[in-house]
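All values reported here derive from a predicted model rather than from experimental measurement. By convention in this document, chain letters (A, B, ...) are assigned in the order of the sequence lines, proteins followed by strands, and residues within each chain are numbered from 1.
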Number of protein chains: 4
Amino acid sequence: MYLSKMESKRQQVIDVATRLFAELGFENTSMASICAEAGVSKGLIYHHFATKNELLREIFSATTLRMIEISQASEATSAPHEQLATLISQLFKQLQEDKSFFQLNLNIMLQPGTRSILHDLIQERSAHLMTSVRHIFDQIDPDNSELCSYMFIAELDGIALDFLSIFDSYPIEALKNHMINRYSKA
Amino acid sequence: MYLSKMESKRQQVIDVATRLFAELGFENTSMASICAEAGVSKGLIYHHFATKNELLREIFSATTLRMIEISQASEATSAPHEQLATLISQLFKQLQEDKSFFQLNLNIMLQPGTRSILHDLIQERSAHLMTSVRHIFDQIDPDNSELCSYMFIAELDGIALDFLSIFDSYPIEALKNHMINRYSKA
Amino acid sequence: MYLSKMESKRQQVIDVATRLFAELGFENTSMASICAEAGVSKGLIYHHFATKNELLREIFSATTLRMIEISQASEATSAPHEQLATLISQLFKQLQEDKSFFQLNLNIMLQPGTRSILHDLIQERSAHLMTSVRHIFDQIDPDNSELCSYMFIAELDGIALDFLSIFDSYPIEALKNHMINRYSKA
Amino acid sequence: MYLSKMESKRQQVIDVATRLFAELGFENTSMASICAEAGVSKGLIYHHFATKNELLREIFSATTLRMIEISQASEATSAPHEQLATLISQLFKQLQEDKSFFQLNLNIMLQPGTRSILHDLIQERSAHLMTSVRHIFDQIDPDNSELCSYMFIAELDGIALDFLSIFDSYPIEALKNHMINRYSKA
DNA sequence: CATGAATGAGGCTTCATTCAT
DNA sequence: GATGAATGAAGCCTCATTCAT
């Protein structure tokens, strides 16, 4: 029970921080406001996380894990075109269900301040992602798998970007279907 | 000469601020540092710009104008596929020549803080951009011009995003050629 | 015409400053806001008034003149009790007609910052006022004229203070009649 | 001892701020100078008081309590005329012993800036004061108790005003005796 | 007389972080 | 593990005033 309570406060801080970073941005979220919303003292937050930057890194790592889970859901199916279809479906599902999750990730990867804090973690994540996608395209078109992978990722990133941050009303369903059509045909 | 001197300090502030916002991010750039680098007193910056936010808005508006110029370069040629090719070329050229220009734009459109400051201006810009692109696709495939436009923009945005912020080494030339091939064939 | 125009801008500054000082207080009124409301440049205001303090002193002096005029209106009548009645009437009339005029005077005489700027002028004014009132009471009760004068002034000041700054709804008419009754009977 | 130390810094801030507001005026007292004189860091003052305005409000509330105490000292005695005499004595005593206490109160109630900050508290205080005084006059002259109360308060306020802010040398003792004579006779 | 760009000190407030309890 | 008082640097902005034109 002590442990669970201990974990609960720590996790509470992470949850609240994740939400506030997504809503307000890292630089506009104060440690004080995280404490307030998490119902935790200033002393405690620094007992669990050495600095605000460390807290961000921990959150980023956690989201990386979650993104890997999403991308691995597709690996169950064997046929590469099916894998792509599943991957696309999964991503669009998440994109619509948890906008703030993706918004946060775009934020912190683009903002110079947070980028440099997370530099190594960003590297790791994108390398991992690239490898995953490339495994699939290696089975479809080994000669162009690199280019195809980059293009595939760019299309998904671009849609996410436009959906989340550029256009106020976005035909997300139409684009999802378009992507599935483009990539799931043998 | 009066005019040039008068304009010079104001413009100097804009130039320095644009660069620092791109390099460090809006929230991590202090008015004091802008003053210092522009060789201008703290008071003067507030003589010309009511607020740090106003300064950002002015910069954003200026970049919108510049983006419109870029996109209009393609309108000279008559054939729609040629227009697309020209547009893609222009964009990739700018993207490689002035990374910080695009970085800044991605930054401020994604960061919640700056987004809300610029909300109306972002709306205007993306509407304008959408209209421009759609004019071209209306001539190619009127029935699907909306979807095509969104997809086209997503691809370009995604490439820019990945190039500027995700991957450390990016095959930008290969992607450019791929895009030109995809869109310039009749 | 040049002269009148010259005077007009100068007077305009005085008028606007008087109003703003009364509405916002001296310390909360910036030279810039006076310029803006008076439609005058910063250079010009400093051409006419050496400093913000000088502007205040000039305004205070002008209001002193106006107060003297008011108090002299009563000297026409010969009987001392009539003089008091007239004086009271005049003061209550002004108090109700031009609240901000009196408010300003109370403000700047009480605020330590403005008090010290105006120290000598405040002395002069109160000495003059005291003398005027005492002339009247000398004719009524020479032995107690000093005390009577102080008490008379205190009553009027107190009513003004309470009316202008303490109570939201104040039976000003009732107090006026009470004062007239108290002092006009032979 | 923990408590005393905890309270000590907070109270120290209040004490210093009260004194400086009285001496220099609210607008001319910087938070920095309060910190300096209280031997406290800039951060701490904002740990205890959200805002400079809040600090003022707290001080004003405290002075209201003190004024209520003073006015209640008279309620012990039963006869109304005695109550008035006691009240007058008390007030003159305080007025002479702690000029800056009253000066501060006049200041902030008259300065437009501070007035609006304290608007509700001023209302409360004057309502309370009025009620207290009226209780006494209800026992003396029920038909005119309202007018008598207003007049009584005006006289005291006017004397305080003139004593503290208008005249350089003021026969305060003579006026005190005059007031006691006027109100303590049955 | 008239303008408005320019200055620099100083004001209020925020914030990450530390530390005694 | 938990609290919250305390710090001090830094941030945005305001303002009286000066001066070249």
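- Applying the 4.0 Å criterion to OP1 and OP2 of E:dA16, one finds that A:Thr51 has every side-chain N and O outside that range.
- We find the CD1-CD1 distance between A:Ile108 and A:Ile117 to be 9.5 Å, quoted to the nearest 0.5 Å.
- In this structure, C:Arg10 places its CZ atom 12 Å from P of E:dA2, rounding to the nearest Å.
- With E:dA16, F:dA5, F:dC13 as the candidates, the nucleotide lying closest to the side chain of A:Met31 is E:dA16.
- Between D:His48 and the phosphate of F:dA6, there is a side-chain N or O to OP1/OP2 separation shorter than 4.0 Å.
- Comparing B:Gly43 and D:Val40, the nucleotide of DNA chain F nearest to each residue sits closer to the 5' end for D:Val40.
- Distances were taken from every side-chain heavy atom of D:His47 (C-beta onward) to each of E:dT14, F:dG4, F:dA2; the shortest belongs to F:dG4.
- Whole-Å rounding puts the B:Lys9 NZ to E:dG8 C1' distance at 13 Å.
- Among the nucleotides E:dA5, E:dT14, E:dG10, the one closest to any side-chain atom of B:Lys42 is E:dG10.
- For the residue pair D:Leu106 and D:Leu161, the shortest heavy atom distance occurs at CD1-CA, 4.0 Å.
- When the C1' atom of F:dA16 is taken as reference, atom CG of D:Asn28 falls 14 Å away, rounded to whole Å.
- Under the Watson-Crick and G-U wobble criteria, each requiring two contacts below 3.5 Å, nucleotide F:dT14 is paired to E:dA9.
- Separating the CD atom of D:Glu27 from the C1' atom of F:dA16 is a distance of 16 Å, rounded to the nearest angstrom.
- Atom pair D:Ile45:CD1 and E:dC15:C1' shows a separation of 17 Å (rounding to whole Å applied).
- A 3.5 Å limit on both hydrogen-bonding distances identifies F:dT7 as the Watson-Crick or G-U partner of E:dA16.
- Ranking E:dG4, E:dT17, F:dC12 by closeness to the C:Ser41 side chain, first place goes to E:dG4.
- Atom CG in D:Leu20 sits roughly 15 Å away from atom C1' in E:dG11 (whole-Å rounding).
- C:Phe21 CZ to C:Lys52 NZ: the interatomic distance, rounded to the nearest 0.5 Å, is 5.5 Å.
- If B:Asn53 and D:Leu44 are placed on DNA chain F by their nearest nucleotide, the residue sitting closer to the 5' end is D:Leu44.
- Remark: P of F:dC12 and CG of B:Leu56 are 12 Å apart, rounded to the nearest angstrom.
- Rounded to an integer number of Å, the gap from A:Tyr46 OH to F:dA5 P is 17 Å.
- Side chain to side chain, A:Gln103 and A:Asn107 fail the donor-acceptor criterion of an N or O pair below 3.5 Å.
- Nucleic acid contact class of A:Thr29 (heavy atoms, under 4.0 Å, all strands): sugar-phosphate only.
- For the 3.5 Å distance criterion, the side chains of D:Arg125 and D:Asn105 qualify, holding a donor opposite an acceptor.
- Comparing A:Ser30 and D:Lys52, the nucleotide of DNA chain E nearest to each residue sits closer to the 5' end for D:Lys52.
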